[in-house]
Chemist: 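Dumping the structure here so I can ask a few things about it.
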Number of protein chains: 2
Amino acid sequence: MHTHKSTLEEVAAVAGVSKMTASRALRGAPDVSIKTRDKVLQAAERLNYLGNRLALSLSSQRTDLVAVVVPSMSNIVFPEVLAGISTGLEGSGMQAVFGISDYDVTKERNIIRDMLSWRPSAIIVTGLDQPDETVRMLKNAAIPVIQIMDLDGTPIDFNVGLSHGKAGEEMASALIAAGRKRFGYIGSALDRDLRAAKRKAGFERVLHENHLAFIGQRLGDTLSSVGLGKYLTHQLLSAEPSFDCIYYSNDDMAAGGAFAIIEASRTDDILMAGFNGLELAAALPLRIATSRSPRRMIGEVAARLALGSMAPDAPSVSKITAFVPEITGIV
Amino acid sequence: MHTHKSTLEEVAAVAGVSKMTASRALRGAPDVSIKTRDKVLQAAERLNYLGNRLALSLSSQRTDLVAVVVPSMSNIVFPEVLAGISTGLEGSGMQAVFGISDYDVTKERNIIRDMLSWRPSAIIVTGLDQPDETVRMLKNAAIPVIQIMDLDGTPIDFNVGLSHGKAGEEMASALIAAGRKRFGYIGSALDRDLRAAKRKAGFERVLHENHLAFIGQRLGDTLSSVGLGKYLTHQLLSAEPSFDCIYYSNDDMAAGGAFAIIEASRTDDILMAGFNGLELAAALPLRIATSRSPRRMIGEVAARLALGSMAPDAPSVSKITAFVPEITGIV
DNA sequence: TGTGTTACCGATACCGGTATCGATACCAAG
DNA sequence: CTTGGTATCGATACCGGTATCGGTAACACA
């Protein structure tokens, strides 16, 4: 068993051909005789030859790497996006490299700089609200930049996602149309989760248009979680008893809200609304309203854009892919 | 604004020094005069020099990449592991590359082969049950292999995780000690999720020792989810009404079970037990039992091993890091 | 037999960095 | 003035592949 990494040169030596011929044979190039090809393949097999993508990429000036930056892994949303990206990249020979920014723009900048030094073929970043310096760096990279999740802002290049402002608006409209009037809001870390803030702002715009407003709200400062949603809901309900609807920053928080209601065994009719359309939300013993965000799909589309935009015969694809979240759970 | 990627050579030219001196200056090597260093740094700044990790790695024969293979991203467990890895790698200059195997050994092998061709400095894979061919490939890579999550089996090199067999045993012991006697089981895809299967086997061992057995079970064949847990629980309860405890393959399924109980508004005392200690489980309006698995910590330790084991002065670290999950939720 | 063509293969020059060794200049000591 | 040491820098050879071009042999055809 060979435990050191064998090189193309060694494979060539064993096969009794030149490095160049071995390279061609392994890549399935046309001008190699069947006999030679087999010799090389056998040699490679025998030496457990793996190839060296570093050398390949450096030499051929293309990297087969797609950089991905997401803000968090602590709820299921971004993992699902990553799964979508992984699916979209499958079979293409591309590899995803990822980084987590923890909703921190400085960290995000550092991660992006790091990523770019790997010379990826494309980079997928979350949101449109990068500071100027980061934007400059991304533009400078001269590779396709794909900003995902959010549409509210000015994209650098490609943009796949949905308008969170509009999602908030439409949820508010739907809830008002369903007869709700006394609204509360529960969210957290809106200074960092800008998309949640945009949803809230959109929601409030519609409230104002209808001469309504949140009559009570609770804001946490840690990242959203089921427990936090439950805790804040308990707080809000014990302080101000007369809501008929609570809008949450997302489904995790809303699920916590549902748990609070169940625990308190309240029988008054409060409709809770979240965002994302998590699998969890649909299974709750209490119906909650939510906007279904196509997370996997966004990842898949982003991956296809990453692949497609560098194909030589790249058809002129749309720079912006907009999804409209479907609202469910309002009777 | 320079939009093409600038090279070290160009930086050197602008600074009026040789490539080598520029390289030294940028890396902060000692034998460069302050004046020269500043000239080079300014030139790099002006050209937006980024560096090229491919060339660096190829030249220096080390890659600063850590490959990570996980089976799934569809529940929060593995994302949390990844977050832990990301945290553990932070500041080290290492980058994580990841792949999702979808609980498919063939896919896993292909992903690992792909990863290895990037010549990572270490590789982190999930579980101990890789087929021989994959094991051979991993051994052959001559880099630290870190197998995570599971301890029940023969590790290739490093091993960080917990014994799922024992976790099942201890949960069973605790439940029996708490007076439970009539057990049901609900799980899914046990042919692929081998760790869940090991927990079930451990649980059953203790049941048998106590002259007990599952008196009813339901197995799904899709991946576990809250909805599936709820569905199977409804099924099980309507068919066989007399359980006092149901063991689930994990917390997602158990949460679904809790929802089923709440929906059916059953007042009989059925204790549901899961595995993982998810944040969700603690927030449920119904107390469920669970074993807390240190997912983030496993990721962090794995990352530290990846870093530590290649340090030149690597202290002889333990090859196996065993965690013992804490059981909560049993009154 | 001479001449193209085609099929196959190898030599060489890169890709963008780093390791290594040697060169130069400058200064202090003898 | 010579010698030696130190600080600073550059030339060169890699790392492991691929692109490119040129060479050789075999075959078809005139």
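Keep in mind that the numbers below use all heavy atoms, side chains included, and drop hydrogens, waters and symmetry copies. Proteins get letters first, then strands, A, B, ... in listed order; numbering begins at 1 in each.
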Chemist: Could you tell me how far apart A/E9 (CD) and C/dA11 (P) are, to the nearest whole angstrom?
Modeler: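 Computing the A/E9:CD to C/dA11:P distance gives 11 Å.
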
Chemist: State whether B/T21 places a side-chain N or O below 4.0 Å from either non-bridging phosphate oxygen (OP1 or OP2) of D/dT8.
Modeler: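 Result: no.
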
Chemist: Which nucleotide, D/dT8, D/dT18, C/dC9, lies nearest any side-chain atom of A/V32?
Modeler: C/dC9

Chemist: For the base of C/dG17, is there a side-chain donor-acceptor partner from B/S59 under 3.5 Å away?
Modeler: yes

Chemist: Any side-chain N or O of A/Y49 below 4.0 angstrom from OP1/OP2 of D/dG16?
Modeler: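 Result: no.
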
Chemist: Find the distance A/L58:CG to C/dC15:C1' and express it as a whole number of Å.
Modeler: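 Interatomic distance, CG of A/L58 to C1' of C/dC15: 4 Å.
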
Chemist: Below 4.5 Å, heavy atoms only, C-beta onward: do B/Y49 and B/L26 meet side chain to side chain?
Modeler: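 With C-beta onward as the side chain, the pair touches.
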
Chemist: Just checking A/N52: base, sugar-phosphate only, or nothing, at a heavy-atom cut-off of under 4.0 Å?
Modeler: sugar-phosphate

Chemist: Identify which nucleotide among D/dG10, D/dA19, C/dG16 has an atom closest to any side-chain atom of A/S60, counting heavy atoms from C-beta outward.
Modeler: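 Nearest to the side chain of A/S60 among the choices is D/dA19.
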
Chemist: I'd like to check A/L82 versus A/M73 (side-chain heavy atoms, cut-off strictly below 4.5 Å). Are they in contact?
Modeler: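 Contact flag for A/L82/A/M73 side chains = yes.
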
Chemist: Between A/M20 and A/I34, just flag the one whose closest nucleotide in DNA chain C comes earlier from the 5' side.
Modeler: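 Nearest nucleotide further toward 5': that of A/I34.
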
Chemist: Between B/R24 and D/dT8, does any side-chain N or O lie under 4.0 Å from OP1 or OP2?
Modeler: no

Chemist: Whether B/T36 contacts D/dC9 is assessed here as follows: a side-chain N or O lying under 4.0 Å from the phosphate OP1 or OP2. Is that the case?
Modeler: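 For D/dC9, OP1/OP2 do have a side-chain N/O of B/T36 under 4.0 Å.
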
Chemist: Among D/dC9, D/dT18, C/dT18, which is the nearest nucleotide to the side chain of A/S23?
Modeler: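 The answer is D/dT18.
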
Chemist: For B/F158 versus B/P144, what's the shortest heavy-atom pair and its separation?
Modeler: CE1-CB, 4.1 Å

Chemist: With a 3.5 Å cut-off and no angle check, do the side chains of A/R119 and A/S57 form a donor-acceptor pair?
Modeler: no

Chemist: Keeping A/T126 on the side-chain end and A/V69 on the backbone end, is there a donor-acceptor pair under 3.5 Å?
Modeler: yes

Chemist: Please tell me which of the listed nucleotides, D/dT8, C/dT18, D/dG17, lies nearest to the side chain of A/L8?
Modeler: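 Shortest atom-to-atom distance from the side chain points to D/dG17.
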
Chemist: Ignoring hydrogens and angles, answer whether the base of C/dG16 and the side-chain atoms of B/K19 contain a donor-acceptor pair closer than 3.5 Å.
Modeler: no

Chemist: Would you tell me if any nitrogen or oxygen in the side chain of A/Q61 comes within less than 4.0 Å of OP1 or OP2 on C/dG16?
Modeler: yes

Chemist: For D/dA19, take OP1 and OP2 only and decide whether either is under 4.0 Å from a side-chain N or O of A/R62.
Modeler: no

Chemist: What is the distance, to the nearest angstrom, from the CG atom on B/D31 to the P atom on C/dA25?
Modeler: 18 Å

